[in-house]
Amino acid sequence: MAASEAITDCGEYVVGRARHVIEHCGPRRAGSRGEAEALAVVGAELEEVADRVDREPFTVAPDAFFAAPMVVGVLLGFAAAAFWLSPWWAAAFSAAALAVYLFEVLLYREFLDPFFPRRQSANVVARLHPRGAARRRLILCGHIDAACEWRLLHRCPRAVRYLVGLGLLTLPAALAFDVASGLLALADAGRFAELRMPLGLLRAGTLPAAVLAVLFIDLTRVVPGANDDLSGVFLAVAMARKVHIEIGRLEETELVVLVTGSEEAGIRGAKDFVRRHAAELRSEETLVVALEILRDADFLCVYRRDRNGCVRHARRACRLLVAAAADRGVDLAESVVYLGATDAAAFSEVGIPATCLCAMDPAPAHYYHNRRDDWDNMDPACIEHAAEVLWEALLRFDRQGLGPAPGGRDGCAAVTGPPYAAYGPLRRSPKEV
């Protein structure tokens, strides 16, 4: 498609480009050749319309994040076995399993990375300069990599939220049981010896959760990742093309299309971009809109919290998209990422205003992180719907920016929150509308 050729149907364009990447680039695991080839395809397309396109490489240990559930399961299994030797050995393994979950999965820290091989991933950053002096910056962000398949979600999509919740409750329960048993052994060794057999059998009740954790992710299979997140990547590209063709340039806003690598490996690409460009991002008003899984129009929403519910997005960012949607006659829901994270979290947790536009059934979606997420399971009408909202938000931001923070505080930051066990985004209740 030539740079001067308009996109008459955004949805069909996004589906077509997603199909091309899936069929020609191969599996796009973080740090893989397929990811690099897909970034090259997107970069070439952006070069047709952008003033500048940069490729920013970084190193990542993708298996550290992908294998975290397996590591947790193995440690839980060791804990159950070690209980027969000493409840304090069991407590040590249980504490290690809980630490892996807290730091690698809940907080997205590079906790296991030193134990896994590193590979090279990259971000592609395209910039469209404004017509006048740049007073603000809008970053549209999507990730090019795809996840390893969640076995349980492929085989039993409706039950997985309960299995995940049960597994998460097992971690603190196992540790508490081990510590309580250890204290009993210290206080009354004879009584503990009498109860060792029933306690050991009760402790073995955590083994099913350990097995499920080990089997949760298939590290040998990478999903197509059409909706998650080629839909977001090519919608961002489509917005850049639309600006270039229909209005030439924005008035006072630099439009940045950020295509990240290794999002599925713990939002590593977004984190690297923030580290590189922290001073630049704070030098002028910046808004980041991550685009994720634009598939189910009935669940079109903007996220107000992210990264397992523990990062709060800027209220002004959410309200901008809600107001833009209202201008298009759309009641845009506000929701929460209860399990997982989007690239927007990497910005909000350091105080850069960000949010995420998403449209996924929180049931969870039957295609999420499994082989059903292919190009023939995309919804062009939903993508077109999201494109209308995003275009209005883009023009609104160019005209007026984010505006003053309500009450002098914007709210974006990492916050202390519970390790939510629910899955996916939720629609607003009537009281929240």
Side-chain angles (χ1 to χ4, degrees), residues 11-30 32 34-35 38 62 65-67 69-70 142-165 167 212-235 262-265 290-301 335 337-343 356-386 422-427:
E12 292 297 337
Y13 163 79
V14 171
V15 173
R17 300 312 294 157
R19 179 179 183 179
H20 174 82
V21 166
I22 291 170
E23 293 182 346
H24 291 87
C25 297
R28 305 186 314 282
R29 186 182 179 130
S32 69
E35 181 194 62
F65 191 81
F66 295 147
M70 184 180 297
H143 68 87
I144 200 70
D145 63 309
C148 291
E149 184 170 67
W150 289 14
R151 280 193 185 95
L152 298 185
L153 196 51
H154 169 59
R155 297 184 181 277
C156 46
R158 297 301 175 183
V160 73
R161 65 160 64 186
Y162 306 107
L163 295 174
V164 169
L212 287 175
V214 169
L215 297 178
F216 191 78
I217 295 180
D218 183 353
L219 298 179
T220 67
R221 187 181 188 106
V222 181
V223 306
N227 294 291
D228 185 14
D229 183 36
L230 293 180
S231 64
V233 167
F234 285 107
L235 178 55
S262 299
E263 189 270 357
E264 300 290 4
L291 305 171
E292 278 270 3
I293 317 180
L294 302 166
R295 166 60 172 76
D296 305 312
D298 289 343
F299 298 92
L300 185 65
C301 67
S335 190
V337 184
Y338 285 109
L339 182 64
T342 75
D343 278 332
C356 176
L357 184 67
C358 180
M360 185 184 77
D361 179 358
H366 70 284
Y367 54 83
Y368 182 66
H369 280 192
N370 66 72
R371 65 195 71 180
R372 300 184 188 96
D373 190 14
D374 213 335
W375 67 268
D376 57 357
N377 194 22
M378 301 178 79
D379 185 356
C382 177
I383 295 168
E384 191 71 38
H385 200 49
Y423 182 89
L426 298 178
R427 296 287 291 177

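Everything quoted here is computed from the prediction, not taken from an experiment.
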Let's go through N370 and R221 carefully: what are the C-alpha distance in whole Å and the side-chain angles of both, what is the deciding distance for side chain to side chain donor-acceptor pair (under 3.5 Å) to 0.1 Å, and is it a yes or a no?
CA-CA 9 Å; N370 66 72; R221 187 181 188 106; over 6 Å; no
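- Checked against side-chain hydrogen bond (donor to acceptor under 3.5 Å, both in side chains), S262 has the following partners two or more places apart in sequence or in another chain: S121.
- In this structure D296 satisfies the side-chain contact (heavy atoms from CB on, under 4.5 Å) test together with F299, M360, D361, A365, Y367, sequence neighbours excluded.
- Summarising the geometry of M378 relative to A18, their closest heavy-atom pair is SD-CB, 3.7 Å, with the distance given to 0.1 Å.
- In this structure D229 satisfies the side-chain contact (heavy atoms from CB on, under 4.5 Å) test together with H143, S231, E292, sequence neighbours excluded.
- Considering every non-hydrogen atom in both V15 and P380, the closest pair reads CG2-CG, 3.9 Å.
- Shown here are the salt bridge (charged side-chain N to carboxylate O under 4.0 Å, His left out) partners of D218, two or more places apart in sequence or in another chain: R151.
- Partners of F234 according to the ring pair (Phe, Tyr, Trp, His ring centres under 6.0 Å) rule, which considers only residues two or more places apart in sequence or in another chain, do not exist here.
- Here CD1 of I293 is found 5.0 Å from OH of Y368. Values are rounded to the nearest 0.5 Å.
- Scanning for side-chain contact (heavy atoms from CB on, under 4.5 Å) contacts around V214 gives M70, V74, with sequence neighbours left out.
- Note: R17 CZ to E12 CD = 13.5 Å, rounded to the nearest 0.5 Å.
- L215 is not listed as a side-chain neighbour of L152, based on a closest heavy-atom distance of 4.5 Å or more.
- Here the straight-line distance linking atom CG of L230 with atom CG of L291 works out to 12.5 Å at 0.5 Å rounding.
- The aromatic rings of H369 and W150 stand perpendicular to each other, their planes meeting at an angle above 60°, with 30° marking the opposite boundary.
- Going from atom CG of L294 over to atom CG of L300 covers 7.5 Å, rounded to the nearest 0.5 Å.
- Closest approach of V164 and L339 over heavy atoms only: CG1-CD2, 3.8 Å.
- Once rounded to the nearest 0.5 Å, the distance linking CG of D379 with CZ of R295 reads 6.0 Å.
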Which atom pairs, one a donor and one an acceptor, fall under 3.5 Å between side chains of residues 20-29 and the rest of the protein, sequence neighbours left out?
unit_1: H20; atom_1: ND1; unit_2: H24; atom_2: ND1; d: 3.4
unit_1: E23; atom_1: OE2; unit_2: R19; atom_2: NE; d: 3.0
unit_1: H24; atom_1: ND1; unit_2: H20; atom_2: O; d: 3.0
unit_1: R28; atom_1: NE; unit_2: I144; atom_2: O; d: 2.6
unit_1: R28; atom_1: NH1; unit_2: P224; atom_2: O; d: 2.8
unit_1: R28; atom_1: NH2; unit_2: P224; atom_2: O; d: 3.0
unit_1: R28; atom_1: NH2; unit_2: G225; atom_2: O; d: 3.1
unit_1: R29; atom_1: NH1; unit_2: L219; atom_2: O; d: 2.7
unit_1: R29; atom_1: NH2; unit_2: D63; atom_2: OD1; d: 2.3

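- D145 contributes a side-chain N or O that, together with a main-chain N or O of E264, makes up a donor-acceptor pair within less than 3.5 Å.
- Partners of F66 under the ring pair (Phe, Tyr, Trp, His ring centres under 6.0 Å) rule, at least two apart in sequence or in another chain, do not exist in this structure.
- For residues 365-376, the set of pairs meeting the salt bridge (charged side-chain N to carboxylate O under 4.0 Å, His left out) definition, not counting sequence neighbours, comprises E149-R371.
- Here the closest non-hydrogen pair linking V14 and L235 is CG2-N, 3.8 Å.
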